[in-house]
Student: 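Got a structure for you, written out below as structure tokens; questions coming shortly.
What you see is a predicted model; the values in this text were computed from it and never measured. The basis for the numbers below is simple: all heavy atoms, side chains too, and nothing from hydrogens, waters or symmetry mates.
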Amino acid sequence: MLLLVFLLCSIPTATACLQCDRRIRLLHEDFVLSAPTVDDQIEMKKICDHAYETYKETSRVRKGVIDPTTLYKARTEYQSEFARFLKTQHTGSVTFEAIQIMEKGRKILEKHLDIFIRDGLCPNKCGLLKRRVMDCFSCRYKIYICPSPSDQQDCGEHPVQAEEGGQAVLNCFLSWHRLLMERPEYYFSWVPGVPGIKKLNESDFRALVVTDDSSVVLNQLRVDEQGTYRCSLQGQNGTIFYRVTFLLTVAPSPDQTHRPVITLPPQPHGDNHSPFQPMVGLLGPLIAMVTALSLAASVGLTVVLG
């Protein structure tokens, strides 16, 4: 008889998101088997089936998919509510109590799915996202595609300013990149010259580096390294999921400080400025006077001796 009840309570293959968790299935199976009579167990099995249909409908109107994190949140909250329910003394109808706890599970599922669909399913505001989710009807994982809201992978331009000899960080990471199914790589390329002056073509860009890192650091910048830099997130088959452009401007560094130039006062007329320069004008008359005195002395001496 217990085997019969167990088979009656077996979950169908196409189950709703909350029942895709094995622990929840076992929880429901044990709950049905705990009914006091076979009739109660059969009745609870019908309630369980109806609850699964409401769960599926709740999932269907909310894209019909769920991610592992959301399923974990819904499951743990439902388990907590179910444990509290089992610990409570019930005096009413067993079937009515079963309806109450199953409906509680539907509301928990609805709450978490609403949050997931609104904030978590397609968090890419631009770019293309291919992510792994669980189908709420087959309980199998599949790829869900979130196209760019703007219908393009280009996610805009960001001005970056730096000084000569300084540093610039080009970071193109967004949190939704972690959700991509493939192991994409970041392709960095650039076009030298003052950015934003002319329209650029694809052929204008020169490859810089392909890396798993989402950012590059440019050190000891030179003025001739300013230009238009681009980061593309690409899959192994060449699919571009995301692209962003950085307009890097490098300002020349200020001139080095020079010693002040000392301005000398203008030199007086003459060949050289010297403290003896005023005596140069007196030298001529002095020589003439000495010469005259020497001649007079010579004449006087000749007369005396003569």
Side-chain angles (χ1 to χ4, degrees), residues 4-35 38-88 90 92-124 129-147 149 176 179 181:
L4 173 62
V5 176
F6 176 81
L7 293 175
L8 288 174
C9 190
S10 295
I11 310 297
T13 302
T15 55
C17 291
L18 194 59
Q19 281 64 47
C20 287
D21 191 286
R22 180 174 176 273
R23 279 160 286 195
I24 296 298
R25 296 200 301 268
L26 294 176
L27 185 68
H28 285 167
E29 291 166 3
D30 291 342
F31 178 59
V32 172
L33 291 175
S34 68
V38 173
D39 290 339
D40 286 337
Q41 292 174 353
I42 294 175
E43 190 65 27
M44 288 175 64
K45 194 306 186 154
K46 295 179 181 178
I47 294 171
C48 194
D49 287 343
H50 177 72
Y52 297 154
E53 291 302 318
T54 62
Y55 291 177
K56 287 190 288 186
E57 180 62 19
T58 298
S59 304
R60 185 189 66 79
V61 298
R62 292 166 177 81
K63 306 292 186 181
V65 295
I66 195 170
D67 72 327
T69 301
T70 303
L71 180 58
Y72 171 79
K73 292 178 180 178
R75 185 248 299 171
T76 53
E77 183 176 348
Y78 184 48
Q79 281 180 314
S80 178
E81 289 292 334
F82 211 99
R84 188 181 299 110
F85 168 79
L86 293 177
K87 292 178 181 179
T88 305
H90 302 283
S93 168
V94 175
T95 55
F96 177 76
E97 294 168 355
I99 293 174
Q100 291 293 99
I101 190 59
M102 294 291 177
E103 175 61 15
K104 184 68 174 180
R106 189 197 69 79
K107 290 181 178 180
I108 290 173
L109 177 64
E110 180 182 67
K111 178 184 71 174
H112 287 285
L113 281 177
D114 283 342
I115 297 173
F116 170 63
I117 299 303
R118 183 186 71 236
D119 303 328
L121 178 58
C122 293
N124 54 315
L129 172 60
K130 291 183 179 180
R131 63 171 303 173
R132 185 170 178 256
V133 294
M134 178 180 287
D135 187 283
C136 288
F137 300 95
S138 67
C139 287
R140 297 178 182 273
Y141 283 102
K142 68 177 185 178
I143 296 177
Y144 190 89
I145 299 177
C146 298
W176 62 265
L179 301 176
M181 275 287 297

Student: I would like to know whether Ile47 and Val32 meet side-chain contact (heavy atoms from CB on, under 4.5 Å); could you show each step before the answer?
Tutor: CA-CA 10 Å; Ile47 294 171; Val32 172; over 6 Å; no

Student: Would you please indicate if the ring centroids of Phe31 and Phe85 are separated by under 6.0 Å?
Tutor: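 So the answer is yes for these two rings.
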
Student: Any ion pair linking Lys107 and Glu110 (charged N to carboxylate O, less than 4.0 Å)?
Tutor: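 Here Glu110 does not pair with Lys107 in a salt bridge, since their nearest N and O are not under 4.0 Å apart.
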
Student: Given side chains that start at C-beta, do those of Ser59 and Leu113 come closer than 4.5 Å, heavy atoms only?
Tutor: yes

Student: Given Lys111 and Glu77, is the side-chain contact (heavy atoms from CB on, under 4.5 Å) satisfied, shown in steps?
Tutor: CA-CA 11 Å; Lys111 178 184 71 174; Glu77 183 176 348; 2.9 Å; yes

Student: Work out which heavy atom in Val65 is nearest to a heavy atom in Phe116; give both atom names and the distance.
Tutor: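 Minimum heavy-atom separation between Val65 and Phe116: O-CE2, 3.8 Å.
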
Student: Within a strict 4.5 Å, meaning less than it, do heavy atoms of the Tyr144 and Cys122 side chains meet?
Tutor: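 Tyr144 reaches Cys122 side chain to side chain.
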
Student: Applying side-chain contact (heavy atoms from CB on, under 4.5 Å) to Phe137 and Arg60, what does each step give before you reach the verdict?
Tutor: CA-CA 9 Å; Phe137 300 95; Arg60 185 189 66 79; 3.6 Å; yes

Student: Could you report the tightest heavy-atom contact between Pro123 and Leu179, atom names first, then the distance?
Tutor: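 Shortest heavy-atom separation between Pro123 and Leu179 comes out as CG-CD1, 3.9 Å.
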
Student: Salt bridge (Lys or Arg N to Asp or Glu O under 4.0 Å) for Asp135 and Arg140? Distances and angles first, verdict last.
Tutor: CA-CA 6 Å; Asp135 187 283; Arg140 297 178 182 273; over 6 Å; no

Student: A side-chain contact here means heavy atoms from C-beta on lying under 4.5 Å apart; do Phe82 and Ile101 qualify?
Tutor: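 Of all side-chain heavy-atom pairs linking Ile101 with Phe82, at least one is under 4.5 Å.
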
Student: Ring centroid separation for Tyr78 and His28, is it under 6.0 angstrom?
Tutor: yes

Student: Between Arg132, Met134, Arg131, which is the residue that forms a side-chain contact (heavy atoms from CB on, under 4.5 Å) with Asp67?
Tutor: Arg131

Student: For a side-chain contact (heavy atoms from CB on, under 4.5 Å) check, start with the C-alpha distance between Thr58 and Arg62, then their side-chain angles and the critical distance, and finish with the verdict.
Tutor: CA-CA 7 Å; Thr58 298; Arg62 292 166 177 81; 3.6 Å; yes

